[in-house]
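Take a look at the structure set out below.
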Amino acid sequence: MRTPDGGMPPDLELAFLDMSGTVFHDNGIMERAFERTVTGLGVDPGSERFRQMLHHVRDTLGQSKTRVLEQLFAADPERARQAVRDFGRHLDELLATEGVTPVEGAEEAVTALRAAGLRVCLATGYDRHSLNTLLEQLGWTGLADLSLCPSDAGRGRPWPDMVLTAVLALDLGDVRRVMVVGDTTADVQAGLRAGSAAVVGVRTGAHDAASLRAAGAHAVVDSVRDLPALVRARVPGRTRVPGRS
C-alpha cells in the first residue's frame, strides 16, 4: 500500500503520534524524575551503577516507563514496584512545577491532519494518570480522537500493541492505513511490527535521522509540523518529503 517511489500511501486514515519528543519537549523532567526515584531507593548518583541505569533509560526512550523501571530492579520485585510508584509521584511534582513545552506547530499540525480527513491518536510511554495530566497541562484535552498509554494496550513500544489498539478502538479496517510517527527507534519498530505502511521519524527528540532510518523509518522529517505537507503530497506526482535529509 506504500507507494513504490517512496511517497506516503494515498489512503491514510489515522496518524498515530508519539508524544514526548514528537509533539512536546519534556525539558528534562523525565530524567530528573528518574534520578529522584533511584536515589531515593539508595542508588548513589555518582556511582557506576547509576550511570549504567541512566544509560539504560536513555537507550530505551519511547518504551513503557513502568517496564523500564521493572527491568532496572528486576532482582527485587518489591523495589521495582516502589520505583514505579515513586517515579509517578516525582513526575507529577515536576509536571506541576516545571511542565513541558509543545513542539512548535504541533497543535496546528494535529488540527491540519484531522482537517485532511485523518483521525489522530496521541500515545505515550507514561501511565494514564501522567498522560491525562499532560493533556490537561498542554490544553490538548479533546485535541485528538484518541489517547493511549501502555496499560491501555497491554505492552508499550517497541511492541505493536498500542498501534493495534488504536486501530481497534477507532474501528479501522487496515493497519496499513496508519501513519506512525515518533522520535525514537522504538516508535519506528512498533509501527513496522504493527504493519503500518507509513512509519515516519521526526528529528525533534531522542534519536537522530540516521538511527531512525536504520530502524526502518519510511521517511524522516524535521518536525511534526511537516506532517500535513507530507500527507498533502500523497497525490500522484508529488512525492517529495518536506524536511527530508
Side-chain angles (χ1 to χ4, degrees), residues 17-95 97-101 103 123-127 130-131 134 149-151 153 155-162 180-193 199-217 220 223:
L17 308 181
D18 168 61
M19 293 185 69
S20 182
T22 301
V23 296
F24 70 78
H25 302 292
D26 84 345
N27 301 324
I29 65 173
M30 185 279 290
E31 287 196 6
R32 291 200 294 282
F34 165 76
E35 181 175 356
R36 292 181 184 183
T37 297
V38 298
T39 56
L41 290 171
V43 180
D44 181 353
S47 67
E48 178 60 25
R49 184 186 181 200
F50 177 84
R51 287 190 289 272
Q52 290 175 351
M53 295 174 86
L54 182 58
H55 176 77
H56 181 71
V57 167
R58 290 172 174 170
D59 196 48
T60 55
L61 286 170
Q63 299 185 25
S64 164
K65 300 300 180 288
T66 295
R67 178 175 179 270
V68 170
L69 289 165
E70 288 172 345
Q71 290 173 337
L72 291 172
F73 292 97
D76 189 339
E78 180 51 43
R79 289 185 82 204
R81 288 189 287 271
Q82 186 64 49
V84 171
R85 291 192 294 269
D86 290 351
F87 177 81
R89 175 169 53 83
H90 292 310
L91 185 65
D92 279 350
E93 292 168 355
L94 289 164
L95 283 172
T97 58
E98 301 182 29
V100 298
T101 305
V103 168
T124 183
Y126 294 131
D127 63 19
S130 297
L131 170 55
L134 285 163
C149 64
S151 63
R155 297 175 298 180
R157 294 158 297 200
W159 285 280
D161 301 31
M162 286 200 291
V180 176
V181 184
D183 68 301
T184 70
T185 58
D187 295 309
V188 173
Q189 291 166 350
L192 294 174
R193 290 175 179 181
V199 179
V200 181
V202 297
R203 299 170 60 189
T204 50
H207 296 155
D208 61 20
S211 299
L212 295 167
R213 290 196 188 96
V220 176
S223 167

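One-based numbering along the sequence shown. Note that these values count all heavy atoms, side chains included, but never hydrogens, waters or copies made by symmetry.
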Is the closest side-chain heavy-atom distance between Leu72 and Val57 below 4.5 Å? yes
Which is it for Leu95 and Val100 under the side-chain contact (heavy atoms from CB on, under 4.5 Å) test, yes or no, and what are the steps along the way? CA-CA 7 Å; Leu95 283 172; Val100 298; 4.0 Å; yes
Can you list everything that forms a side chain to side chain donor-acceptor pair (under 3.5 Å) with Asp76? Sequence neighbours excluded, please. none
Do His25 and Val103 make a side-chain contact, defined as non-hydrogen atoms from C-beta onward lying under 4.5 Å apart? yes
Please tell me if the side chains of Phe87 and Val68 come closer than 4.5 Å, counting only heavy atoms from C-beta onward. no
Taking the side chain from Arg203 and the backbone from Ser223, do they hold a donor-acceptor pair closer than 3.5 Å? no
Where do Gly182 and Leu212 come nearest, in terms of heavy atoms and distance? O-CD2, 4.4 Å
Using a 4.5 Å cut-off on heavy atoms from C-beta on, say whether the side chain of Asp44 contacts that of Arg49. no
Contacts of Asp127 meeting salt bridge (charged side-chain N to carboxylate O under 4.0 Å, His left out) (sequence neighbours excluded), chain-then-number -> none
Heavy-atom closest contact (Ser64 atom, Pro150 atom, distance): CB-CG, 3.7 Å
Residues at least two apart in sequence or cross-chain that pass side-chain contact (heavy atoms from CB on, under 4.5 Å) with Asp86, listed by chain then number, are Thr37, Leu41, Gln82, Arg89, His90
Distance, nearest 0.5 Å, that separates CG of Leu131 from OG of Ser20: 12.0 Å
Taken to the nearest 0.5 Å, the spacing of Tyr126 OH from Leu134 CG works out to 7.0 Å
Got a sec, which residues hit salt bridge (charged side-chain N to carboxylate O under 4.0 Å, His left out) with Asp18, two or more places apart in sequence or on another chain? Arg157
Of all the heavy-atom pairs spanning Leu94 and Ala33, show the shortest one and how long it is. CD1-N, 3.5 Å
The test is salt bridge (Lys or Arg N to Asp or Glu O under 4.0 Å); show your working for Arg32 and Glu35 and say whether it passes. CA-CA 5 Å; Arg32 291 200 294 282; Glu35 181 175 356; over 6 Å; no
For Arg79 against Gly42, the heavy-atom pair lying closest together: NH2-N, 4.4 Å
Salt bridge (Lys or Arg N to Asp or Glu O under 4.0 Å) assessment of Glu78 paired with Arg81: CA-CA 5 Å; Glu78 180 51 43; Arg81 288 189 287 271; 3.1 Å; yes
Report yes if the side chains of Met53 and Val43 come closer than 4.5 Å at any heavy-atom pair, otherwise no. yes
Please report the interatomic distance OG1(Thr185) to CG(Leu192), rounded to the nearest 0.5 Å. 11.0 Å
Search all heavy atoms of His56 against all heavy atoms of Gln71 and return the closest pair with its distance. NE2-OE1, 2.8 Å
Name the one of Thr124, Thr204, Asp183, Thr184 that satisfies side-chain hydrogen bond (donor to acceptor under 3.5 Å, both in side chains) with Thr22? Asp183
Please tell me if the side chains of Lys65 and Phe34 come closer than 4.5 Å, counting only heavy atoms from C-beta onward. no
Using side chain to side chain donor-acceptor pair (under 3.5 Å) as the criterion, list what pairs up with Thr39, not counting sequence neighbours. none
Can you sort out the partners of Arg36 under salt bridge (charged side-chain N to carboxylate O under 4.0 Å, His left out), two or more places apart, ordered by chain and number? Glu93
Taking every heavy atom of Gly21 against every heavy atom of Val202, the minimum-distance pair comes out as O-CG2, 4.2 Å
